[in-house]
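Here's the structure we're looking at; comments come further down.
Just so you know, these numbers come straight off a predicted model, no measurement behind them. Order of the sequence lines fixes the chain letters, A, B, ..., with proteins taken first and strands second; residue numbering starts at 1 for each chain.
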Amino acid sequence: MKSAVIVFPGSNCDRDAFEAIKLITGEAPAMVWHRETELPDGVDFILVPGGFSYGDYLRSGAIAGRSPIMREVVSAADKGVAVMGVCNGFQTLTETGLLPGALLRNANLHFVCKEQPLEIANSNTRFTSAYSGTRDTVIPVAHHDGNYFADEATLDRLEGEGCVVFRYQGNPNGSARDIAGVTNEAGNVMGLMPHPERAVDQTHGGTGGRAVFESLLGSV
Amino acid sequence: MTEYAPDITPEIVAEHGLTDEEYGIILDRMGRAPNLVELGIFSVMWSEHCSYKSSRIHLSKFPTKNDRVICGPGENAGVIDIGDGQAAIFKMESHNHPSYIEPYQGAATGVGGILRDVFTMGARPVALMNALRFGSSDHHKTRSLVSGVVAGIGGYGNCVGVPTVGGETNFDTGYDGNILVNAMCVGLADQDKIFYSAARGAGDPILYVGSKTGRDGIHGATMASAEFDDDSDEKRPTVQVGDPFTEKLLIEACLELMATDVIVAIQDMGAAGLTSSSVEMAGKGGVGIELNMDDVPQREDAMTAYEMMLSESQERMLVILKPGKEAEAKAIFEKWELDAEVIGHTTDTGRMVLKHHGETVCDIPLDPLSEDAPKYDRPHTPTPRGKVMDAGDAPEPADYGEALLKLVGSPDLASKRWIWEQYDRHVMADTVDSSQSGGDAAIVRVHGTDKALAITTDCTPRYCKADPYEGGKQAVAEAYRNLSAVGATPIAITDCLNFGNPERPEIMGQFVGCVEGMAEACKDLDFPVVSGNVSLYNETRGAGIPPTPAVGGVGLIGDVTKHAGIGNAKDGDTLLLVGETVGHLGQSQYMRILHGNTDGAPPPVDLSVERWLGTWVRKAIERGVATAVHDLSDGGLAIGAAEMALGAKLGLKLGASPKGAATHGWLFGEDQGRYLIAAQGEALKLLLEKAEEHSVPVLQIGTFGGQRFQMGELIDVSLEDLRKAHEDWLPGYMAAPTLQTEAA
């Protein structure tokens, strides 16, 4: 599986994403700098990592969503390439319009970092198939702006179409309908606030995030 | 008659914090009266902060070497050998005064500064820690200070992407007017890629990189602005504003630069900014320096040379390059969209020459700035030693169960979840253990290896206040014990010595006592000091803070799968107490919290016992027979056992106290040199055998199981009640709607 990780100034989970992808797919991803205007040929999977792209100035993910490389990511997604945004990457994908909704400041206004229990709301996606038969998992969260918001009609549609893939058990940030991760209608773009790349080997204290990468590997 | 330059008055000299005698030395060394720029430079270089003039003669008592020390004090941070050609680089530093004035930015820039000290040397920062001391929880400012400091630490560390893995937080009325914010950073580097700050000769270009220079932080030096700035509306607060995004770019750009072969020396611009960085680099290399102030990237118009030299704008570095490498270096900073300008070069004159608008605005010999810096042996009066409190003279609690609940929910001992959940503890994906376990030390894997670093910060200020010497020993010994308790070999420490006004003999007595106690412990435990910082004048209205020599210890775990944790006890495990218990209640949390009594001597520390038991515990962990381990400190046996039970989510049945021991002394005494270990079956058998073989004092004192914490008829509380008492205090306190007043 050929992967790419986008690197913005201020990304800080890019190395963790690199290591997790390499560990699970056996192939190191290409690291693609934000100013690039082309993605590597034949890429199967693009990860937009967590961090504070461009310092999160203006609004989390707002500047990243308008960077040169994201135009290429959007066009790859339109062609069906798998795209996953984690944390700041999720915020960035909503800014590009690839995913609906927005991530607001956490309801209690504090940054939150914890081992987060999650319900697998849909294990029938490219990103979650390896969770099949599993109801829940634990993946750490670490964010200040993770409070998922969309209008009621959009939320109904997301739920109706199986686009809600992860839900919080014990909502840490005020997200609408406990949403932790969603896909687009086509099912090839996912955004999630928890960090699966931080839960892939035993020293992390849990491996709840492995199945995300295993699902992707199985889907190509 | 004393000589002054035309625009200088004796008042201006005094406002720069220079004594008549110090000014006399300047006149003598320069052969003429200094102008304002020169006076400013002498003033900051000879300030307490930069020159350590009150502390230097005592700091030399610290041992600074062992087999693993690569670089001790004197550089930006200490460097130790962690095997395989790798090094750990670390330091702890205070940012106390700014954090009290503006808690968010004060704490944030404290984190920024300590990160720079570490990556300046070529290390990628991999862990942050912090040691925080706030005033009494009843003080009207405490809640907002906690809120601001925690948000500031998180705001900076979370953004730069370095995990904040541990620390400590205390509350004491002695810090009501002076909180302490001590931040520690640990980084990793290859031993052949460590960078130092000494220049090497004449003709090397000097590159300024990072943020532009503004007028922020200038008065951090000493002087009121009116005398040297006609635009009085341009006054800036003395607290600098941090930008963690720029810092993140600076880290990546500097590490990229360090991977090339262009650097002669590199130094961050911390306190006293451009002045101290350029003076130190030139001074260490025995060369001169010439800077053109017109080329310094500036954020504001019409800055004077004085302002530029004294500004403490954040996120800036100074690099001495090999000649001809300017373009290569600048290209890297351009990629990261950071300013990078050549602002001067090294010379062979031994002088610092500054040019501005075509004129020489400063020309001073460099040697006196460092060599002739004042050094004082200030008078010091030892703290009178208190009597050892006999457990028989200390009151028993009316209800042991209630006493336990009150202690686990008291400000110092309550869970700090509200704080550490605001810190990203997992970024970089190498965190093995952090504050979230409530364990003795954080554990961070060395990226790409099976090794790990263990990191802890420790100090018990009330012990130091009662007996500086024993308290100093205890701070180092507890760091040693905390590292041992997770299975790490203690290697070296950094320290942050926070005290009151050194011009008062009793404060200086506290300082000298603590330093000497620490030095003895460092020597006996082979646990030297490799870096550190001194913060004096932590006083408000004549009242100094409790002496607080915070210790940051670093140890090495050879195989990360062989470590112990506080929460690993299993159902049916026997609880073992390792070490001797006398029942020392003087200065205990029990006496302080339950009886409001802060009398008596602190528990004595036997360093040979610490070393012996620490080594024994580490061996047991290494062999895999001890996986659930906790050191005993604040609150004694009862609190340590409760923390293990809470960590394991298991109840615990404690046996009766040994015959002849006072029960409250047994449960709540804070005797040093003790550990708890939980084990069963073969492991238990082996532990008991090995203990007997080495004459290690071990008692079987309880059994894990069920969901209640019990001790005979004396204590019977549900684990849930214990958990609530432990967890609910801080969130409840922080959420309280009304501010309490000082009088209330």
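- Scanning both residues, B:V427 and A:C13, for their nearest heavy atoms gives CG2-SG, 4.2 Å.
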Could you list every donor-acceptor pair linking chain A to chain B (distance under 3.5 Å, backbone and side chains)?
residue : atom : partner : partner atom : Å
A:N12   : ND2  : B:N158  : O            : 3.2
A:N12   : ND2  : B:C159  : O            : 3.1
A:R15   : NH2  : B:M428  : O            : 3.2
A:R15   : NH2  : B:D430  : OD2          : 3.3
A:R15   : NH2  : B:H447  : ND1          : 3.3
A:D16   : OD2  : B:M428  : N            : 2.9
A:E19   : OE2  : B:H447  : NE2          : 2.7
A:R35   : NH2  : B:K335  : O            : 3.4
A:R35   : NH2  : B:E337  : OE2          : 2.8
A:Y57   : OH   : B:D243  : OD1          : 2.6
A:H110  : ND1  : B:Q422  : OE1          : 3.3
A:C113  : N    : B:E421  : O            : 2.6
A:C113  : O    : B:R425  : NH1          : 3.0
A:C113  : O    : B:R425  : NH2          : 3.1
A:E115  : OE2  : B:Q436  : NE2          : 2.9
A:R198  : NH1  : B:D424  : OD1          : 2.8
A:R198  : NH1  : B:D424  : OD2          : 3.3
A:R198  : NH2  : B:D424  : OD2          : 3.0
A:D201  : OD2  : B:R445  : NH1          : 3.2
A:D201  : OD2  : B:R445  : NH2          : 3.4
A:T203  : OG1  : B:R445  : NH1          : 2.8
A:H204  : NE2  : B:A429  : O            : 2.9

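- Judged as a salt bridge (Lys or Arg N to Asp or Glu O under 4.0 Å), not a single pair has a partner in residues 144-160 of chain B (not counting sequence neighbours).
- The residue among B:A452, B:A429, B:G161 with the most heavy atom pairs within less than 4.5 Å of chain A is B:A429.
- Within the 4.5 angstrom heavy-atom criterion, only side-chain atoms of B:V560, from C-beta onward, approach chain A.
- With sequence neighbours excluded, no residue forms a ring-ring contact (aromatic ring centres under 6.0 Å, His included) with B:F119.
- Counting only residues at least two apart or in different chains, salt bridge (Lys or Arg N to Asp or Glu O under 4.0 Å) contacts with residues 61-71 of chain A comprise A:R66-A:E95.
- B:V160 touches chain A through its backbone: at least one of N, CA, C or O sits under 4.5 Å from a heavy atom, while the side chain does not.
- Here A:G10 is the residue among A:G205, A:P172, A:G10 with the most heavy-atom pairs under 4.5 Å with chain B.
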